[in-house]
Asker: 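Structure in structure tokens, see below.
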Amino acid sequence: MELFVSEGNPHCLKVLAALKVTGVQCGVQFVNHEGKVVPFLPRPAVPTLFLPSGQHLFSSNTICRYLFELNGPESSDQCNQWLEWEATILQPALLRALHLAVLQGKGSEVPKVLQGPLNVLDQSLAKGSTAYLTGEAVSVADVVLWGALHPVLSVSSLVLSDHKSVKAWFDRVAAVRGCQSAAQKVLQGKGLEAMKSYMQKQPAPQSRDTQPCNGSPAETDEGERAVSEEEMEAAALIWSKDLNACSHPAEKQHPVMPQEGNRNVLITSALPYVNNVPHLGNIIGCVLSADVFSRYGQLRGWNVLFVCGTDEYGTATENKAREEGLTPQQICDKYHAVHSSIYKWFQIDFDFFGRTTTEKQTEIAQDIFWRLHKNGFLVEDTVEQLRCENCQRFLADRFVEGTCPHCSYPEARGDQCDKCGRLINAVELREPQCKVCRQTPEIRSSKHLFLDLPKLETQLENWLERSTSSGDWTANAKQITRSWLRDGLKPRCITRDLQWGTPVPHPDFKEKVFYVWFDAPIGYLSITANYTNEWEKWWKNPHQVELYNFMAKDNVPFHSVVFPCSLLGAQDNYTLVSHLIATEYLNYEDTKFSKSRGVGVFGDMAKDTGIPSDVWRFYLLYVRPEGQDSAFSWADMALKNNSELLNNLGNFINRGGMFVTKFFGGCVPAMELQQEDKKLLAVVGWELQQYIQLMDKVKIRDALKHILNISRHGNQYIQVNEPWKKIKGGESERQRAGTVTGVSVNIACLLSVMLLPYMPAVSQTIRDQLNAPQTCINTMLQGPGTFVCALRAGHRIGTVSPLFQKLEADQIEALKKRFGGQQITASTQPAAVPAPPVVAEVKVVDGSDPEKAKQLAEAVAEQGDKVRALKSEKAEKAVITAEVSKLLDLKKQLALAEGKSPEPAPQKGKKK
């Protein structure tokens, strides 16, 4: 027998798991998704099982049942019923869920789509008294359902809190021999991302297949809400309220200080490294998300302070300065200006954008240090390090490489070997070299200070329990934090043998600076101190101030464990984070951003595309990686611009304004509400309430959908009522045309307010075109949402013009090509078994390519950083293995480009 499967195909996961669980002897071949392994079929069919008889099985469930029955009894009726349910009920819902999560980046919508099938499965498991679906032993039904659900239920952000029986069963099946290894082979440790190629070739699911089987009876097949008479009358009552009686927006007075009796919100965005130009993923992960929430908070009437700045100390800055022939300070000045310019173009409205190379930084960091020292939370230890006498410096991890002591790989870094994956100490390297001068460093002892995290662990856990239960922490933030605490905390070094950093004030350590992980988060405090001398009213005021930290997931441990420990140990009433908001990663098309290879759009390039910054903001927020990684796609950006902005939102707002201008002389007509109008007001009011509830919880991407829903309702309302026809009719029809037009421009006014956090320039343009009163800004988002008639009859609007332009296919294709760079493809195969021991000698071969070698060297460095980041956040071993494999493949390509053999020469004998 021979089984043909493909990577990333969820049906192949089922059959491979069945093969491993049953132990049937069978060959396995991996083919691509388009492989026609069954010659008489007009379409590809994978998985396929070739039987000894010459027959083919190409239904995944049939293959699974065949494997189980080969050495066992026939499947029971109960088993067959579950297989039928999986194929007819579960699979359509899963197809929709995977389409949303993998292709559209809408992972947060997956639980809703799967709610019905999971309820059925959970209830059945809860009623049964057996460990598995059909008895005490695992059956084909268990393996099929587990394999089908594995891609979505193994995603950390999908919590099964409402389906405890499903979770317990899922974990039991996962523990069965062979199941996890099957998942690893098919998904390659990449989770949903591995399925992208497969899903792109699947037809889009039809709406009838995606209705949850326990959907609310209040929703029709089109998703329209049923609206009660009471809701309509309540909406009409709110609509009639006088706008002028509501609060007027107050001009922001600087410096912003906490106010008694108000909600005081302090917002920080993770400090970007000064020596990197931020790409779109950096922008959405930190500053843009924080900016949207800051603007929203002000609309809600909160007292908001939003600070950020460049992180300027550390090895990376010294390295960049050396590369560019500048001093570290010159590098910081140069790139701080670059960052400021980029964020200004993206309309990031910081209250203050500072930097960490300031006297305030030194003053506050040293004060926290002395408090930790005084309170007994610092310990001394001697560390053996490599010192380069030629450079007159101790070498940080990224400045040394040599031969791995475990597998003899010749290019191991000072902290890990990317071949065997082992963590190492730099002094363990054989034949180490300084990467700056290529001289051999010497081992020297150096005394360092450590933050005693174990001593602070109890305090930290008590605080975390309070903060995570009362605040809005994203699921990934909680998970990463738990993984750090799971095995117990270890003392962490806070000093470095560098020159560029905040000096350690202790006389025994006067030649050292603070390690950047200890120093950088204190930048939030020092940047605020450079904004106002009364900074302590924000940072030493935990009872009055709520702190929101925005970041990408790789920064979580420093904000949830390390920095809080520093502040807890200082014992100075510091404000600790209340809400930790972490995104997943944004990729570029099917790869990752790389400045060196010209792959992806970086902040300094976006404005040269001719696409307005508000459109960039909209799309980045539309695909914001809230629950899982998502990807920027030129084709999708064009689609969303042309469909959502141009044809939906822009079309609706422009139509209402044009009707006022063309049919009513530029003045809003009188409105006599009928039941249809009241129903629309109620529906719009409900969408507004959903928007507010989601934004309050920092569900920024999900809230955006409700803005677009409102304009869709508005377009449908105009289309059904046809005011352009009714204006030509009798008095009652003209009156009806006036009501529809007046309601429409008022909805446009509401949309301008809801859009303000997302698209501030477009929001202002809409309000200018409508000549909307300033008071509408603060009125609409008060309480649970207040949709009032802001533009009364007789109100004169301004000049109406289109808000958006179409992105043409040739324009997008040119941009995609321009930012595609030189693609360097890394293998996704798992790392091979370590090769026999090798020495540092390499063979020189023909075909060197210096330019490609330079680009590949950058790619290797970036991939190495990714591997280290995964290890620091204690990611799953399978994920790390896959990324290490990519790194090794890139290094082979680099060796070839440098004219070397991709594999080190075998060891022939011990060198003397």
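Please read all numbers here as calculations on a predicted model, not as lab measurements. Starting from 1, each residue takes its place in the sequence as its number.
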Asker: Is a donor on one side and an acceptor on the other found under 3.5 Å between the side chain of D572 and the backbone of L567?
Answerer: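 Side chain of D572 to backbone of L567: no pair is present.
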Asker: I need the minimum non-hydrogen distance between T528 and V307, along with the two atoms involved.
Answerer: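 For T528 versus V307, the nearest heavy atoms are OG1-CG2, 3.9 Å.
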Asker: So which heavy atom on Y548 is nearest to which on V265, and how close?
Answerer: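 Closest approach of Y548 to V265: CD1-CG1, 3.6 Å.
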Asker: Can you tell me how far CD1 of I342 sits from OG of S613, rounded to the nearest 0.5 angstrom?
Answerer: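 Separation between the atoms: 13.0 Å.
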Asker: Supply the atom-to-atom distance E457 CD to C565 SG, rounded to the nearest 0.5 angstrom.
Answerer: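 E457 atom CD to C565 atom SG measures 8.0 Å (nearest 0.5 Å).
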Asker: Counting C-beta onward and ignoring hydrogens, is there a side-chain heavy-atom pair between L451 and S566 closer than 4.5 Å?
Answerer: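 L451 vs S566: side chains touch.
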Asker: Are any of the side-chain heavy atoms of F306 and I348 separated by less than 4.5 Å?
Answerer: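 F306 vs I348: side chains touch.
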Asker: Looking only at heavy atoms, what is the nearest atom pair of A631 and E589, with distance?
Answerer: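 In this case the closest contact between A631 and E589 is CB-O, 3.6 Å.
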Asker: Tell me, with the steps shown, if I700 and V698 meet side-chain contact (heavy atoms from CB on, under 4.5 Å).
Answerer: CA-CA 5 Å; I700 295 170; V698 207; 4.1 Å; yes
Asker: For the side-chain contact (heavy atoms from CB on, under 4.5 Å) test, which of W463, Y524, F563 pairs with V577?
Answerer: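 Running side-chain contact (heavy atoms from CB on, under 4.5 Å) over W463, Y524, F563 with V577 returns exactly one hit, W463.
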Asker: Tell me, do F353 and Y531 make a side-chain contact under 4.5 Å, heavy atoms counted?
Answerer: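 A side-chain contact under 4.5 Å is absent here.
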Asker: Does the side chain of F550 come within less than 4.5 Å of S294's, by heavy atoms?
Answerer: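 No; the side chains remain at least 4.5 Å from each other.
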Asker: Give the ring-plane orientation class for Y691 versus Y758, where under 30° counts as parallel, over 60° as perpendicular and anything between as tilted.
Answerer: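 Answer is tilted, since the angle falls between 30° and 60°.
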Asker: For V556 and W484, what are the C-alpha separation, side-chain angles and deciding distance, and is it a side-chain contact (heavy atoms from CB on, under 4.5 Å)?
Answerer: CA-CA 10 Å; V556 166; W484 268 60; over 6 Å; no
Asker: Say you draw a straight line from CD1 of I283 to OG of S289; how long is it, rounded to the nearest 0.5 Å?
Answerer: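 If we round to the nearest 0.5 Å, I283:CD1 and S289:OG are 11.0 Å apart.
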Asker: Any chance you could lay out the side-chain contact (heavy atoms from CB on, under 4.5 Å) test for L708 and F618, step after step, and finish with the verdict?
Answerer: CA-CA 11 Å; L708 301 173; F618 167 82; 4.3 Å; yes
Asker: Output the distance between atom CG (N264) and atom NE2 (H543), rounded to the nearest 0.5 Å.
Answerer: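 Rounded to the nearest 0.5 Å, the CG-NE2 separation comes to 14.0 Å.
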Asker: Using atom types as modelled and distance alone, determine if a side-chain donor or acceptor of T502 lies under 3.5 Å from a backbone N or O of T362.
Answerer: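 Not a single qualifying donor-acceptor pair exists.
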Asker: Just by modelled atom types, is the T317 backbone N or O under 3.5 Å from a matching donor or acceptor in the N275 side chain?
Answerer: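 No: the side chain of N275 does not pair with the backbone of T317.
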Asker: Between E461 and E465, is any pair of side-chain heavy atoms under 4.5 Å apart?
Answerer: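 No, side chains not in contact.
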Asker: List the steps, then state whether side-chain contact (heavy atoms from CB on, under 4.5 Å) holds for Y343 with S269.
Answerer: CA-CA 12 Å; Y343 301 141; S269 171; over 6 Å; no
Asker: Could you measure the distance from the NE2 atom of H706 to the CD atom of Q693? Nearest 0.5 Å is fine.
Answerer: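 Reported to 0.5 Å precision, the distance equals 9.0 Å.
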Asker: Taking the six-membered ring for Trp, are Y515 and W517 parallel (under 30°), tilted (30 to 60°) or perpendicular (over 60°)?
Answerer: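 Y515 vs W517 ring planes: tilted.
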Asker: Between N555, T481, T468, N549, which is the residue that forms a side-chain hydrogen bond (donor to acceptor under 3.5 Å, both in side chains) with S560?
Answerer: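 When N555, T481, T468, N549 are each tested with S560, the side-chain hydrogen bond (donor to acceptor under 3.5 Å, both in side chains) holds only for T481.
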Asker: Counting distance only, does the side-chain N/O of T474 pair as donor-acceptor with the main-chain N or O of I581 below 3.5 Å?
Answerer: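 Side chain of T474 to backbone of I581, a donor-acceptor pair under 3.5 Å: no, none is there.
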Asker: Using a 3.5 Å distance criterion without hydrogens, assess whether the side chain of R617 forms a donor-acceptor pair with backbone atoms of F346.
Answerer: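 Between the backbone of F346 and the side chain of R617 there is a qualifying donor-acceptor contact (under 3.5 Å).
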Asker: Of all heavy-atom pairs between I480 and P557, which one has the smallest distance, and what is that distance?
Answerer: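 Nearest pair, atom of I480 first, then P557: CG2-CG, 3.8 Å.
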Asker: Set out, in order, the CA-CA distance, both residues' side-chain angles and the distance that settles side-chain hydrogen bond (donor to acceptor under 3.5 Å, both in side chains) for Q347 and D291, then state yes or no.
Answerer: CA-CA 9 Å; Q347 304 175 75; D291 177 67; over 6 Å; no
Asker: Might you point out which heavy atoms bring W500 and P328 nearest each other, and give the distance in Å?
Answerer: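 Looks like CD2-CB, 3.4 Å.
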Asker: To the nearest 0.5 Å, tell me how far S341 OG sits from K607 NZ.
Answerer: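 Rounded to the nearest 0.5 Å, the OG-NZ separation comes to 4.0 Å.
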Asker: Under 3.5 Å, side chain of N541 to main-chain N/O of K537, donor-acceptor pair present?
Answerer: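 Flag set: sc N541 to bb K537 pair under 3.5 Å.
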Asker: More than 12 non-hydrogen atoms from neighbouring residues, nucleotides or ligands closer than 6.0 Å to NZ on K344, yes or no?
Answerer: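 No, not enclosed.
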Asker: Could you go through D333 and R355, starting from their C-alpha distance and side-chain angles, then the distance that decides it, and tell me whether this counts as salt bridge (charged side-chain N to carboxylate O under 4.0 Å, His left out)?
Answerer: CA-CA 10 Å; D333 294 343; R355 52 201 307 188; 2.8 Å; yes
Asker: Do E312 and T310 have side-chain atoms, one donor and one acceptor, less than 3.5 Å apart?
Answerer: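 Short answer, yes.
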Asker: Give a yes or no on whether the backbone of E626 and the side-chain of K699 come within a donor-acceptor separation of less than 3.5 Å.
Answerer: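 Checking the backbone N and O of E626 against the side chain of K699, no donor-acceptor pair under 3.5 Å is found.
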Asker: Between S630 (side chain only) and R624 (backbone N and O only), is there a donor and an acceptor less than 3.5 Å apart?
Answerer: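 Pair absent, no side-chain N/O of S630 close to backbone of R624.
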Asker: Should the pair W616 and F632 be assigned to parallel (<30°), tilted (30 to 60°) or perpendicular (>60°) ring geometry?
Answerer: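 The rings of W616 and F632 lie parallel, inter-plane angle below 30°.
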Asker: Within a strict 4.5 Å, meaning less than it, do heavy atoms of the I368 and I522 side chains meet?
Answerer: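 The answer is yes, as the side chains (C-beta and beyond) meet within the 4.5 Å cut-off.
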Asker: Ignoring hydrogens and geometry, is there a side-chain-to-backbone donor-acceptor pair from W539 to A529 under 3.5 Å?
Answerer: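 No, W539 side chain to A529 backbone: no donor-acceptor pair under 3.5 Å.
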Asker: Does Q571 use its side chain to pair, donor to acceptor, with the backbone of R371 at less than 3.5 Å?
Answerer: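 No, the answer is negative, given that no donor and acceptor are paired below the 3.5 Å cut-off.
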Asker: May I ask you to check if K705 and Y622 form a cation-pi contact, with NZ or CZ under 6.0 angstrom from the six-membered ring centre and within 45° of the axis?
Answerer: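 Yes, K705 lies over the aromatic ring of Y622.
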Asker: Side-chain contact test, heavy atoms from C-beta onward, threshold under 4.5 Å: evaluate it for V562 versus F518 and give yes or no.
Answerer: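 The answer is no; the side chains never approach within 4.5 Å.
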Asker: Does the side chain of Q361 reach to within under 4.5 Å of the side chain of D519, using non-hydrogen atoms?
Answerer: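 They are in contact (side-chain heavy atoms under 4.5 Å apart), so the answer is yes.
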Asker: Mind listing the closest non-hydrogen atom pair of L621 and L704 along with its distance?
Answerer: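 Distance-wise, the nearest heavy atoms are C-CD2, 4.2 Å.
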Asker: Using the ring centroid of each side chain, check whether F293 and W302 are separated by less than 6.0 Å.
Answerer: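 Ring centroids of F293 and W302 are less than 6.0 Å from each other.
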